[in-house]
Amino acid sequence: MSENTVRDAGFDDWLDAVEEGQAYYLECPNDHGSLPPRRVCPDCGSTDLEEVPLPESGEIETFTVTYVPTPAFEDDAPYATAIANFGPVRITGQVIGVDVDAVESGLEIELEVTVSETTDERVLGFSPV
Amino acid sequence: MSDVRVAGTGLTAFGNAPERTGRDLFAEASIAAFEDSGVPREDVDAVFYGNFMGELAEHQGHQGPLMAEAAGVDAPATRYEAACASSGVAVRDAVVRIRSGAADVVLVGGVERMTNLGTAGATEALAIAADELWEVRAGMTFPGAYALMAQAYFTEYGGEHEDLAHIAVKNHENALPNDNAQYQNAIEVSDVLEAPQVSSPLGLYDSCPISDGAAAVVLTSAAYAEAHGLEAPVAITGSGQGGDRFALHDRDYLARSPAAREAGEEAYADAGVDAGDVDVAEVHDCFTIAEVLAIEALGLEPVGKGITAARDGRTTAEGETPINLSGGLKAKGHPVGATGASQIAEITTLLAGTHPNSESVDDATIGVTHNAGGTVASAVVHVLEVVA
């Protein structure tokens with residue numbers, strides 16, 4: 001990312017935290033989990049949100065291998081995208097470090113920030129534990 | 001409450017016309033709708049117009065007044081944007097406006113110009129209906145999002161790609177006599193299964209095409225229709241809209257569409273009907289799995305059972321409740337901003353007996369349209385009935 005690029009507050013801070021091994025989610029007093037950037041709990045409307053450490057690993061609930069990407073992932077295809085369950089929150093990421101044919105539901109993964117081969121931009125990755 | 005009558009409908013052919021401007025497409029559809037309705041343009045009180053990617057495809061915002069002008073109408077005009085449900089929400093607000101007594105005649109419709117962007121450009125443009133930070137930046141495309149739902153469905157309820165293939169085959173079959181359809185070719189299950197993969201398990205033939213096209217509908221109050229002696233036997237008697245969390249991963253369900261269920265229940269209650277009364281429906285089958293989720297959400301099939309509806313013939317033209325007799329988005333085409341209004345046009349003509357597939361539903365009196373935005377974070381459902 002160039003120095004002139006404007007950051008997306010909340011989201012880029014979260015990717016930084018993942019890179020530092022400090023991934024978190026937001027929790028309201030009613031124990032609803034959600035992802036930043038956010039000021040209001042989407043479940044109950046509470047504005048009292050606290051950063052809580054995210055469980056270290058999650059489990060793939062559903063996945064797909066994309067062969068027709070947007071231009072931002074032209075050189076990355078085919079790649080696997082998955083939704084993983086971390087308990088308090090689910091997260092969408094790209095499965096890395098494993099052949100796309102080996103991706104399956106139930107696979108245990110952890111977060112890792114990777115880089116798009118096409119754009120060099122940061123991408124949230126899921127790497128098998 | 002006053003019925004809202006569908007006085008006239010107009011569609012352009014849906015398909016590949018990269019050189020045609022949005023304004024030209026809407027002019028053609030609106031001319032057809034006015035001719036069909038017999039309503040003079042000067043009686044129009046408002047124009048409600050749906051469009052999704054006009055800024056990207058034509059570098060054109062503020063399309064409401066542009067399209068009113070293209071239609072030759074001098075009335076206040078507003079653009080509605082709800083991704084692929086854009087003209088569905090426009091129809092809903094037109095219904096609300098007429099019922100309130102604030103308008104007697106509303107021109108409602110939508111346009112999308114997409115093929116000039118090319119496949120990669122259109123894929124990128126469609127992706128902005130998803131969560132940019134959490135989904136698009138992870139490489140999720142729209143086919144990818146529905147593929148995640150399809151895989152989740154298979155895991156939760158069972159089913160396989162071959163079941164989905166029967167939906168594509170059915171909708172291509174339905175499109176054969178529809179001269180406005182983008183595809184008028186029959187396909188076989190093996191064609192679907194052997195097609196190139198787009199986002200597994202979905203392949204090219206599980207996906208609707210990228211399309212250009214427009215739809216326009218003239219809606220009037222029942223009082224206006226009667227006072228002017230219009231031939232407008234079909235009314236919109238129910239309207240509902242539902243919403244869900246924006247990103248797919250934040251939903252309670254990955255293999256159901258609660259927003260569509262909410263919209264359907266509201267529309268049924270509004271019309272005083274239930275799912276068992278529905279004779280025919282046009283649902284938002286942007287991908288084969290989407291038709292499954294739609295018919296389950298509308299209560300036309302039990303949850304977990306819709307996957308076999310086409311394969312077992314329950315939703316074919318000869319079936320108990322034919323789905324997507326127009327060919328659906330899959331074969332008719334999906335110019336996204338036009339789709340919701342086009343579904344109103346298809347059900348109106350099916351019920352009025354003037355659709356090429358009307359003979360499949362010759363006793364039908366109740367039809368439903370289901371239009372979804374994004375990964376169904378928006379859903380709009382309408383009930384149409386023969387009332388005159």
Side-chain angles (χ1 to χ4, degrees), chain A residues 8-12 14-15 32-38 42-43 58 60-74 76-86 89-96 100-101 103-106 111 113-114 116-119 121-126, chain B residues 56 117-128 130-156 195-204 206-207 210 243-255 287 289 375 377:
Chain A
D8 287 307
F11 181 74
D12 280 315
W14 188 85
L15 285 181
H32 298 132
S34 62
L35 295 167
R38 195 179 296 278
D43 286 306
I60 288 182
E61 264 190 58
T62 186
F63 65 96
T64 180
V65 178
T66 291
Y67 298 87
V68 182
T70 64
F73 290 93
E74 203 176 347
D76 296 73
Y79 57 86
T81 301
I83 292 177
N85 191 332
F86 285 81
V89 288
R90 286 204 207 97
I91 301 177
T92 305
Q94 229 174 73
V95 189
I96 55 173
V100 292
D101 296 328
V103 176
E104 56 186 3
S105 297
L111 296 179
V113 175
T114 180
S116 158
E117 285 177 35
T118 315
T119 61
E121 295 284 342
R122 293 192 294 180
V123 174
L124 183 64
F126 293 155
Chain B
L56 297 170
L117 294 168
T119 299
T123 302
E124 183 178 35
L126 288 166
I128 68 171
D131 187 322
E132 161 63 18
L133 296 178
W134 288 100
E135 297 182 316
V136 181
R137 290 194 196 180
M140 200 185 82
T141 60
F142 249 83
Y146 276 90
L148 290 168
M149 290 189 252
Q151 190 61 49
Y153 189 101
F154 291 164
T155 303
E156 190 152 356
Q197 294 260 291
V198 174
S199 228
S200 66
L202 305 180
L204 195 60
D206 289 283
S207 313
I210 293 163
D244 204 345
R245 296 284 293 279
F246 193 54
L248 185 57
H249 63 214
D250 285 331
R251 309 269 174 84
D252 288 341
Y253 300 98
L254 296 177
F287 300 94
I289 185 66
T375 50

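Here is the naming used below: chain letters follow the sequence lines, and residue numbers restart at 1 for every chain.
Between B:V136 and A:F73, the shortest heavy-atom distance links the atoms O-CE1, 3.5 Å. The two residues A:Q94 and B:A138 have their closest heavy-atom pair at NE2-O, 3.1 Å. Heavy-atom minimum distance, B:Q151 versus A:T62: CB-OG1, 3.2 Å. The shortest heavy-atom contact between A:R90 and B:R251 is NH1-O, 2.8 Å.
Side-chain contact between A:E61 and B:L254 is present, with at least one heavy-atom pair separated by less than 4.5 Å. By the 4.5 Å heavy-atom criterion applied to side chains, A:D8 and B:E132 are not counted as neighbours. With contacts defined as side-chain heavy-atom distances shorter than 4.5 Å, the pair A:P37/B:L133 qualifies. Contact annotation: the side chain of A:T64 never approaches that of B:M149 to less than 4.5 Å [non-hydrogen atoms, C-beta and beyond].
The contact between B:A152 and chain A is made by backbone and side chain atoms together, counting heavy-atom distances below 4.5 Å. The part of A:A82 that comes within reach of chain B is its backbone (N, CA, C, O), which places non-hydrogen atoms under 4.5 angstrom from that chain.
Heavy-atom pairs under 4.5 Å with chain B peak, among A:L124, A:L15, A:V89, A:L35, at A:L35. Interface check for chain B: of the options A:V123, A:V65, A:T81, the most heavy-atom pairs under 4.5 Å are formed by A:V65.
With A:Y67 contributing its side chain and B:P196 its backbone, the two residues share no donor-acceptor pair below 3.5 Å.
How far CG of B:L148 is from OG1 of A:T66: 7.5 Å, rounded to the nearest 0.5 Å. Annotation: the span from B:T155 atom OG1 to A:F63 atom CZ amounts to 7.0 Å, rounded to 0.5 Å. From B:R137, atom CZ reaches atom OG1 of A:T119 across 10.0 Å, with rounding to the nearest 0.5 Å.
When each of B:E135, B:M140, B:H249 is paired with A:I83, the side-chain contact (heavy atoms from CB on, under 4.5 Å) condition holds for B:H249 and for no other.
Counting only N and O atoms by type, the side chains of A:T70 and B:T123 include no donor and acceptor under 3.5 Å apart.
When the shell of 6.0 Å around CZ of B:F246 is examined, it contains more than 12 heavy atoms from other residues, nucleotides or ligands.
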